Amino acid sequence: MKRIFMMLLGVLSTLYTTAETGRLYENNEDDNAITRRFKGVVLDENGTPLPGASIVVIGTTIGAGTNTQGEFTLSLRDKGFPILRASFIGYTPVEYKIQDNERNNIVIRLKPTQSSLEEVVVTGTRTEKPLKDVPVLTRVIGQKEIQALNPMDIETLLQYELPGIQFNYNSMSKLPEITYQGMSGEYLLFLVDGERISGEGSDHNPDFSRFNIDDIERIEVVKGAQSTLYASNALGAVINIITKSANRPFTGNVNARYGNNSGQKYTVSGGTKQNRFSSFTTISHRRRDTYTISDDKETERTVINPDGSITIDKSANSSTIRGYQIWDASQKFGYAFTDQFSAEIKGTYYRNKRDNATANAKTNDIFSNYSVNGKLKYLFNVNHRLDLSYIFDSYRKDIDYFVAGYTKKNYDNFVQTARLNYTGNFNDQHTFTAGLEANLEYLKHYMFKDSTNYNQQSYVFYAQEDWKISEKFNLIAGIRTDYHSKYHFRMTPKLSVMYRPVELLTLRAGYAQGYRTPTLKELYEEYDMGGLGMFTIHGDEDLKAENSQQFSLSAEINKDIFYASISGYYNKFKNKITLAYLDNIEDGKSMPDMKYMNSDNAESISMEAIARVKMDCGLMLQGSYAYVHEKEEYKGYNLSMTRPHSLTFNASFNRKFGKVNTSVSLNGQWSSKLHTYSYYSVDNTITEYNYSPRTICTLNTSASFPRGISVGLGIDNLFNYKDKSADYGIQLPQQGIGFIGTVSINLADLFRL
C-alpha cells in the first residue's frame, strides 16, 4: 500500500513540477502577473451583507469567505479576467466575470431561492454538480434541517429526515443497528468526506457515535446501488457525511446542549480562511447517562410448535440503554501552493467510554479511533483536474478493568485507501471520470480463534461517462472492476438516465449491478458465544460473494414554492449471506451452532414519496412516506423485521422581529404496525410477533440575536411515548418526554470579525 501511495504521489509531483516550471517561465516575461488582489462584497437582494458566503475562482483552487460585513479578498497569480462563483445557503449561486481594472469595488448580489435544488452536491458523480442536474436521485440533509431538529446524535437526525430508516438495539452489543428500505448495515456505505471508515459498532454497522453532529456541514444520501464509484458493498445506499470547514476569514463557535433525558453536548470550534490558507478545529464532549426501559405488563406471543399446536408465551422484560462519555477532536488544514495546485490534510481523534450497566460491574468498554486523511488537487485548466487522496483510519475496542487498573485490547481494525481520480469536461457535454484505487483492511477480533488477525486487499479501476445529450436528456454510464485478494476479478456496470420533458418535471431511471465480498468476520469467525460452551458461531471460508441487481425509477416536480418526488426500487440478490442455525446439536452443547452461509435468492421492493411547500411568509411544510416490502420467508412465514410503512413530517416557521430571528419547528416520525415471525431451530418452533404503530415528535424553538448569540428550547418526544422493552429488536427504546436547552455563540459575529 505504501509503495502504491508513493507511486501515485510521484505522478502528481511530476505534474506539479512541470506546471510550476512553465509558470515561472511565464512570470519572467511579466512580473505583474505574479500576484493580483481583488476585493469585493456579497449582498442580498436588499443590499444587506451576507457573512459566510463562499467565493470560488472558477478553474482554480483559490477561494474565500466573506466576513461580518460581507467583504472578501482574493489573490491570483494567473493572467486574464477570472470568473467568480458566489454562493450562500438559501440563495441562488451567481457567476461574476471580473472586468478590466476591476479590483477593489466588486459587488455581487444574490437572490433568495425557494428551492434547495441549486445546492451543489458531489456524492452521486464525484464531481460538483447542482442537485437538480444529477441523474442519480440524491437527498441532502443540510444545515437548516440539522439546526431545526437540533438532534443529539446522527441516529435521531436520520430517523426524522429519511422515511424507511429503522434503528434497532442489539441485545448483545448494546449498540444501535440500521435498516434502510429493507437493507441492513452491511449494504449501506457510510463515508466521511467521501472516504470509507474502519470499525464495527454493532454487527455489520459502523459506530454511529463517531459522527459528531456539531462537525457535520451536510449529509448527501444517494439511494440505490452505487458500486461503480465507491465500494462493492454499496448495494443499498451511500451516506456521505460532509464535515465543516472554515467559511470566513475568522470562524469561531461555542455550542452547548443540555437535555434531561437525551444527554449533554459541548463543542468549541474555530478556524480561518485566508485566500490560500485555511484551518478549522473542532473539540467536543458528549455524555449520556444509562437508563432502563421496563415493561409494565406481560406481552403475549403465539408459538407454533412442530406438530402444529399452539402455545401462548407471556413475558415482561427490561432493556438497559448504556450511557457514554465521548471526547472527539478534528483538525483540518488546507493550502493552495499555486492557483491550480492545493493540498488538504485532516486528522481526527475519538474516544468513547461506555458504561457496562451491569450491577457490580468491574469493567467498561472503551472505543477509540484516529484517522489521517490527505488530499492533493491539481487543475490543468477549467475543464480538467486530477485528485490524489490517502486515508489511514484506525478503530479499536478495549475492555477497561477499572477495578484492577488495566485495559485489554480485544478488537483492532484499520483501513488504508489510496486513490487517483481524473475528471475531464469536454465541450460542456461529456464529463468523464476515471480512477485507480487500492484498499487494505486489517482486522484483529476477539471472535476469531485465538484472537488472531486477518487482512484483505482490493484494487480497483472505475470509469464513468456523464453525457449531456441535450438540455432535456442526460445519461450516466459507468463500470467498476474490482480485484480482490481472495475473490479476484469482478466487473459491475451501472446506467442512469435523466429526462426533463418540461422545466418543472424531471424523470430518472437507473440500473446497477452490485457486488459484496464477505467480510473478514463472515469468513473467519470462530466464536464461543458467551464463553460458556452453549454454541459456537462459525465463519465459512468457502462463502461466495453476493451479487445484486437493482432497478430504480423516479419522478420529480419543482415549481416555485412546491416540490414533490416519488421513487421506486426493486432489488434482487443472489448468494445473499445469512447467519443460520445448523441442523444438529453437538454433544455437551445446549443449542445448535450457527454459521454464515449463502442462502437462496432474496428480493425487496421499496417506494418513497416526498412533498414540500416553502412559502414566502416563512412557513415550510414537508412530508415523506416510504413503503418497503421485504421477502425473507421460511416455510411460508415472513421473518422480515422491517416495518412496511413509515412517515416523516416537518412544519417550520421563521419570522424576524426587528433584529431578532425566530423559528419554530415541529418534526415527527410515524411507523406502522408490524406482523412477523421468527424461527428457533433448537425446538423447531415459530413465534408470531405483533408490534404496535409508533409516533414520535419533537418541538424546537430558537431565537438568534444580534452579535451572533442564539438560544433554543425544545421538547423531545412531545407526546411522552414510552416504548416497551420487548420492542427493542426493531427500534431504539424511548423513555418518555425530555426537555432540551441550547446556547450558541458565533464569535466572529460577536466581535464583528
Side-chain angles (χ1 to χ4, degrees), residues 1 4 178 183-191 195-200 202-206 224-239 391 393 395 411 413-419 435-445 447-448 452-462 478-494 512-527 537-550 571-580 595-602 604:
M1 174 66 70
I4 294 171
I178 189 174
M183 299 280 196
S184 50
E186 61 264 45
Y187 304 106
L188 306 175
L189 180 63
F190 280 82
L191 306 173
E195 301 294 343
R196 285 188 289 268
I197 60 175
S198 64
E200 180 184 69
S202 186
D203 187 27
H204 291 94
N205 287 259
Q226 298 298 319
S227 58
T228 299
L229 293 182
Y230 291 99
S232 59
N233 66 330
L235 308 186
V238 176
I239 301 175
I391 185 170
D393 193 277
Y395 181 90
Y411 177 98
N413 178 224
F414 69 77
V415 297
Q416 295 185 76
T417 300
R419 182 187 308 106
L436 297 171
E437 188 176 284
N439 301 285
L440 169 66
E441 181 183 11
Y442 165 93
L443 177 62
K444 175 182 173 63
H445 205 305
M447 290 186 177
F448 292 156
T452 189
N453 63 80
Y454 294 94
N455 63 75
Q456 59 184 1
Q457 305 87 40
S458 66
Y459 305 93
V460 178
F461 169 76
Y462 59 85
I479 191 165
R480 181 183 181 92
T481 301
D482 288 82
Y483 179 81
H484 190 274
S485 53
K486 179 176 176 63
Y487 291 91
H488 308 302
F489 281 103
R490 174 70 184 188
M491 297 180 67
T492 49
K494 167 190 158 185
Q513 288 187 9
Y515 170 66
R516 186 179 83 87
T517 58
T519 65
L520 290 171
K521 192 172 78 169
E522 290 169 340
L523 289 170
Y524 304 113
E525 183 172 349
E526 195 74 18
Y527 182 55
I537 301 177
H538 303 274
D540 186 356
E541 296 185 46
D542 296 323
L543 283 173
K544 299 177 183 178
E546 292 186 25
N547 298 288
S548 75
Q549 297 188 70
Q550 185 188 80
N571 298 283
K572 188 173 184 179
F573 296 90
K574 182 179 179 181
N575 297 323
K576 189 172 184 179
I577 299 172
T578 59
L579 184 60
K595 186 177 182 179
Y596 287 101
M597 58 183 65
N598 293 108
S599 66
D600 295 334
N601 297 342
S604 67

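Keep in mind it's a predicted model, so treat the numbers as computed, not measured.
Salt bridge status for Arg419 with Glu437: present, with a side-chain N to carboxylate O gap under 4.0 Å. In summary, Glu526 and Lys521 do not engage in a salt bridge, as defined by a charged side-chain N under 4.0 Å from a carboxylate O.
Contact check for Phe414 versus Asp393: no side-chain heavy atoms found under the 4.5 Å cut-off. Contact annotation: the side chain of Val415 never approaches that of Asn439 to less than 4.5 Å [non-hydrogen atoms, C-beta and beyond]. Looking only at side-chain heavy atoms (C-beta outward), Tyr483 and Gln457 stay at 4.5 Å or farther from each other. Side chains of Leu188 and Met183 form a contact here, defined as non-hydrogen atoms less than 4.5 Å apart. For the pair Val460/Leu436, no side-chain contact is recorded, criterion being any heavy-atom separation below 4.5 Å from C-beta on. At a threshold of 4.5 Å between non-hydrogen side-chain atoms, the residues Tyr459 and Leu440 do not count as touching.
Heavy atoms only, all atoms of each residue included: Arg196 and Leu189 are closest at CG-CD1, 3.9 Å. Contact detail for Ala545 and Tyr487: the closest heavy-atom pair is N-CE2, 4.0 Å. Smallest separation of non-hydrogen atoms from Tyr395 and Gly199: CD2-CA, 3.4 Å. The heavy-atom pair separating Gly539 from Tyr596 by the smallest distance is CA-CD1, 4.2 Å. Annotation for Lys544 and Asn598: closest pair N-OD1, 2.8 Å, computed over non-hydrogen atoms.
A donor and an acceptor atom, one from each side chain of Glu546 and Tyr187, are located under 3.5 Å apart. Between the side chains of Gln456 and His484, at least one donor N or O sits under 3.5 Å from an acceptor N or O. A donor-acceptor pair shorter than 3.5 Å can be found between the side chains of Glu441 and Asn413. In this model, no donor atom of one side chain and acceptor atom of the other lie less than 3.5 Å apart for Asp482 and Ser458.
Taking CG of Asn547 as the start and OG1 of Thr492 as the end, the distance is 9.5 Å to the nearest 0.5 Å. Atom CD1 of residue Ile479 and atom CD of residue Gln513 lie 9.0 Å apart, to the nearest 0.5 angstrom. Once rounded to the nearest 0.5 Å, the distance linking CE of Met447 with CD1 of Ile537 reads 6.0 Å. Note that the CG atom of Leu520 and the CG atom of Asn455 stand 7.5 Å from one another [nearest 0.5 Å]. Put simply, CD on Gln550 and OG on Ser604 are 8.0 Å apart, with the number rounded to the nearest 0.5 Å. One distance of note links CD1 of Ile197 with CG of Leu191; it measures 8.0 Å at 0.5 Å rounding.
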Note to self: Walk me through whether Tyr454 and Phe448 qualify under ring-ring contact (aromatic ring centres under 6.0 Å, His included).
What the structure shows: CA-CA 9 Å; Tyr454 294 94; Phe448 292 156; 5.0 Å; yes
* Please step through side chain to side chain contact (heavy atoms under 4.5 Å, CB included) for the pair Thr519 and Glu200, ending with a clear verdict. => CA-CA 11 Å; Thr519 65; Glu200 180 184 69; over 6 Å; no
Checking Thr481 against Tyr462 for the side chain to side chain contact (heavy atoms under 4.5 Å, CB included) test, could you report, in this order, the C-alpha distance in whole Å, the side-chain angles of both residues, the deciding distance, and whether it holds? CA-CA 6 Å; Thr481 301; Tyr462 59 85; over 6 Å; no
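Under the 3.5 Å distance criterion, the side-chain polar atoms of Tyr524 are left unmatched by any main-chain donor or acceptor of Thr452. Without hydrogens or angle criteria, Asp542 side chain to Asp540 main chain gives no donor-acceptor distance under 3.5 Å.
Shown here is Lys444, whose NZ atom has more than 12 heavy atoms of other residues, nucleotides or ligands within 6.0 Å.
Phe461 does not carry Arg480 over the face of its six-membered ring by the limits of under 6.0 Å from the centre and within 45° of the normal.
Only one option out of Lys595, Lys486, Arg516 pairs with Glu522 in a salt bridge (Lys or Arg N to Asp or Glu O under 4.0 Å); it is Arg516.
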